[in-house]
There are 2 protein chains.
Amino acid sequence: MNKMVTLADVARAAGVSAKTASRVINGDPQVAPATRARVEAAVEALGYQVNVLARSLRRGHDNVVGVIVESVRDPFFSEVIGELEQLITPRGFTVMVASNTRGSGREREIVEGFIQRSLVGMIVTPQDADYSFLRSIRMPVVFIDRRPRNLDADVVLADDRGATLEGVNHLARYGHRSIALISDALDVQTVRNRYEGYLDAMREAGLPVDPSMVRIGCLDADMAEKETVDLLHLPQPPTAILSTRGETSQGVVRALHRHDATDVAVVSVGDFALADSVTPAITVLDHSPTLIGRYAAERLFARLDGESGHPITTTIPVPLIARGSGELPPRAAVSG
Amino acid sequence: MNKMVTLADVARAAGVSAKTASRVINGDPQVAPATRARVEAAVEALGYQVNVLARSLRRGHDNVVGVIVESVRDPFFSEVIGELEQLITPRGFTVMVASNTRGSGREREIVEGFIQRSLVGMIVTPQDADYSFLRSIRMPVVFIDRRPRNLDADVVLADDRGATLEGVNHLARYGHRSIALISDALDVQTVRNRYEGYLDAMREAGLPVDPSMVRIGCLDADMAEKETVDLLHLPQPPTAILSTRGETSQGVVRALHRHDATDVAVVSVGDFALADSVTPAITVLDHSPTLIGRYAAERLFARLDGESGHPITTTIPVPLIARGSGELPPRAAVSG
DNA sequence: CTGTTAGCGCCTTCAC
DNA sequence: GTGAAGGCGCTAACAG
């Protein structure tokens with residue numbers, strides 16, 4: 001419709017220079033009240049809107065924080081985003097989100113896209129990319145959930161190995177000896193750590209690790225469901241299942257319910273919707289997305305506020321919440 | 001560290017003008033292969049990164065699509081975002097997300113913030129704001145889930161009234177006469193429509209609408225859970241509950257499970273995680289976020305591609321998926 | 001308290 | 001096929 005109203009237009013209408021109009025827009029106190037009023041009136045009258053692009057170009061940075069997660073659809077990450085947004089927005093920044101879908105090969109491309117936009121900072125869920133290209137960057141970047149390859153940087157993560165370790169111990173304490181593992185693909189470091197925790201705990205508890213009990217590569221709930229069904233059909237099905245992600249746990253639960261096998265004990269690393277409402281309710285190791293978001297924001301703000309020391313690793317606790325499914329006794333050896 | 005490498009630097013290193021370097025960066029075919037190679041080498045050598053801010057300022061628009069939802073934490077909306085991102089990104093646009101939390105009063109502010117960034121387009125979940133201020137805007141905006149107040153625009157929504165209508169009919173068909181409603185707050189149009197569908201269906205079925213059976217204002221799962229518990233404690237508890245949102249349904253399910261009242265029939269408008277795994281599995285009216293996202297993207301692309309006709313309203317179907325909970329018979333009149 | 005000048009980095013226009 | 005000039009809208013730097 002009408003051409004965009006510029007600051008110059010406002011200045012002209014108010015009878016001042018562009019710079020003075022700019023001062024008013026930006027809340028500079030060094031402006032006479034009368035002048036300020038005149039400019040504000042002009043802004044109102046003309047319906048002026050700042051051009052953020054021009055402003056950011058001039059300032060050299062854009063008031064936007066980039067957030068890269070594995071998938072915005074994953075409730076874990078959408079919760080992380082929600083928490084980040086809630087903490088970041090009040091500081092006057094906008095949030096730009098991108099999913100770095102597993103295996104898309106676009107990891108570096110996405111990060112560079114954000115760099116090209118002169119963002120003030122980024123919070124990144126790294127995948128397998130070589131992050132050494134970020135070494136000479138000035139923009140603060142906080143990594144979450146995993147460590148970036150070839151870069152020493154601020155990271156916020158959970159004690160993954162400790163989580164599965166505790167999961168196995170918990171189940172063993174209730175008498176389980178045949179504990180299956182439903183795990184994501186091992187190309188993600190987080191997953192590897194959880195896998196190791198499982199192996200170590202099994203070893204320490206003196207339990208045999210039966211390869212048929214270890215199901216790696218369950219990328220989503222559907223795959224986890226299939227593997228669980230398969231486990232149930234083994235001649236000697238497991239009496240307990242440890243699932244390493246909220247999403248895969250949903251698949252496990254679905255399988256157990258559909259096959260009337262809810263007497264199989266379950267521990268899930270990662271809470272999920274209705275985990276407390278199925279029967280029995282699911283015992284979880286609460287790998288909290290809210291906490292990860294909170295600490296990541298904290299780290300980012302510290303860097304934005306000028307903190308300049310060595311990279312810091314923040315490890316969040318992963319408390320066990322017993323709800324029933326993880327406290328079931330081993331079921332009778334033979335079953336359907 | 002080192003000052004940012006500019007196009008001019010690249011041009012200098014390659015021994016060409018800035019414009020020629022620009023041509024290479026933007027894939028203009030009108031460049032001699034030898035020149036192109038030289039520029040590309042310079043880009044590589046200097047590690048040049050475009051300054052998107054400068055480019056967008058010059059071009060007059062930024063290749064970003066803004067998406068405003070009610071809350072990124074709500075699985076319904078995170079699914080919408082996921083679908084949008086998947087469709088929008090391949091077109092070379094980035095996605096900027098913002099939550100317009102209920103009652104934050106920041107609705108117009110958020111939309112204007114996006115306008116100030118010269119985005120190419122927006123997809124907006126309107127709340128109660130007066131959207132007449134968007135009348136003279138040139139940027140295409142597609143509204144989802146609800147109609148904007150005081151603006152005739154492209155909208156993608158579900159047949160909300162029809163959904164609850166069918167929900168009630170379905171339950172009545174199975175013999176229910178005492179059907180409670182767990183509903184969100186009525187200040188959202190979508191919710192009002194669903195509420196009306198409930199009332200109309202009850203009337204048409206000749207069923208009395210008991211005010212104590214109608215629980216309005218359940219903003220989240222927790223509030224829905226409380227109201228459900230309250231319903232269960234009525235002298236004459238309902239034999240069926242119709243919940244108008246996936247999130248509130250989770251609260252309903254939790255309450256029923258915790259109070260051993262899973263013999264109360266349930267129909268949920270909106271699917272949710274594990275709805276098919278609880279016992280009984282939850283019958284839903286599938287208000288699909290994926291479809292909403294898909295049609296919204298379609299509408300936006302059409303406008304971006306120059307379509308200029310009248311605003312279009314796209315209504316998505318809301319099919320009923322019977323899973324068990326909606327097909328339960330009315331339970332015995334007296335209960336705990 | 002206010003204005004002038006200059007330029008952020010890029011691309012459009014038009015010339016050659 | 002290539003280049004020179006100018007400006008997108010804004011704000012730093014420096015006057016006054």
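Per chain, numbering begins at 1; letters A, B, ... match sequence-line order.
- A salt bridge between B:Asp154 and B:Arg303 is present, with a side-chain N of the basic residue lying under 4.0 Å from a carboxylate O of the acidic one.
- Between A:Glu298 and A:Arg294 no salt bridge is recorded (no basic side-chain N to carboxylate O distance below 4.0 Å).
- Going from atom CZ of A:Arg12 over to atom P of D:dG9 covers 12 Å, rounded to whole Å.
- Rounding to whole angstrom units, CG of residue A:Leu7 and P of C:dC8 are separated by 20 Å.
- Taking atom NE2 of residue A:His61 and atom C1' of nucleotide D:dC10, one finds them 13 Å apart after rounding to whole Å.
- Using a 4.0 Å cut-off between charged side-chain N and carboxylate O, A:Arg102 and A:Asp184 make a salt bridge.
- The side chain of B:Val31 has D:dT2 as its nearest neighbour among D:dT11, C:dC10, D:dT2.
- The side chain of A:Arg58 lies closest to D:dC10, out of C:dT2, D:dG6, D:dC10.
- Contact annotation for B:Ser56: no contact, since no heavy-atom pair falls under 4.0 Å across all strands.
- Remark: P of D:dC8 and CG of A:Asn51 are 11 Å apart, rounded to the nearest angstrom.
- A:Leu53 places its CG atom 14 Å from the C1' atom of C:dC11, with the value rounded to the nearest Å.
- Between B:Ser22 and the phosphate of C:dC10, there is no side-chain N or O to OP1/OP2 separation shorter than 4.0 Å.
- Side-chain proximity of B:Thr35 to D:dA4, D:dG1, D:dC10: nearest is D:dG1.
- The nearest whole Å value for the distance from the CG atom in B:Asp62 to the P atom in D:dG9 is 15 Å.
- Regarding contacts with the backbone of C:dG3, a side-chain N or O of A:Ser17 is found under 4.0 angstrom from either OP1 or OP2.
- To the nearest angstrom, P of D:dG9 lies 17 Å from CZ of B:Arg117.
- A:Arg117 and B:Asp62 are joined by a salt bridge, as a carboxylate oxygen and a charged side-chain nitrogen come within less than 4.0 angstrom of each other.
- Using a 4.0 Å heavy-atom criterion, one finds that A:Leu57 contacts the bases of the nucleic acid, with or without backbone contacts as well.
- In the set D:dC10, C:dT2, C:dC10, the nucleotide with an atom closest to the side chain of B:Val50 is C:dC10.
- A salt bridge does not link B:Glu247 to B:Arg73: none of the charged side-chain nitrogens sits closer than 4.0 Å to a carboxylate oxygen.
- Atom CZ in A:Arg23 sits about 8 Å away from atom P in C:dT2, given to the nearest Å.
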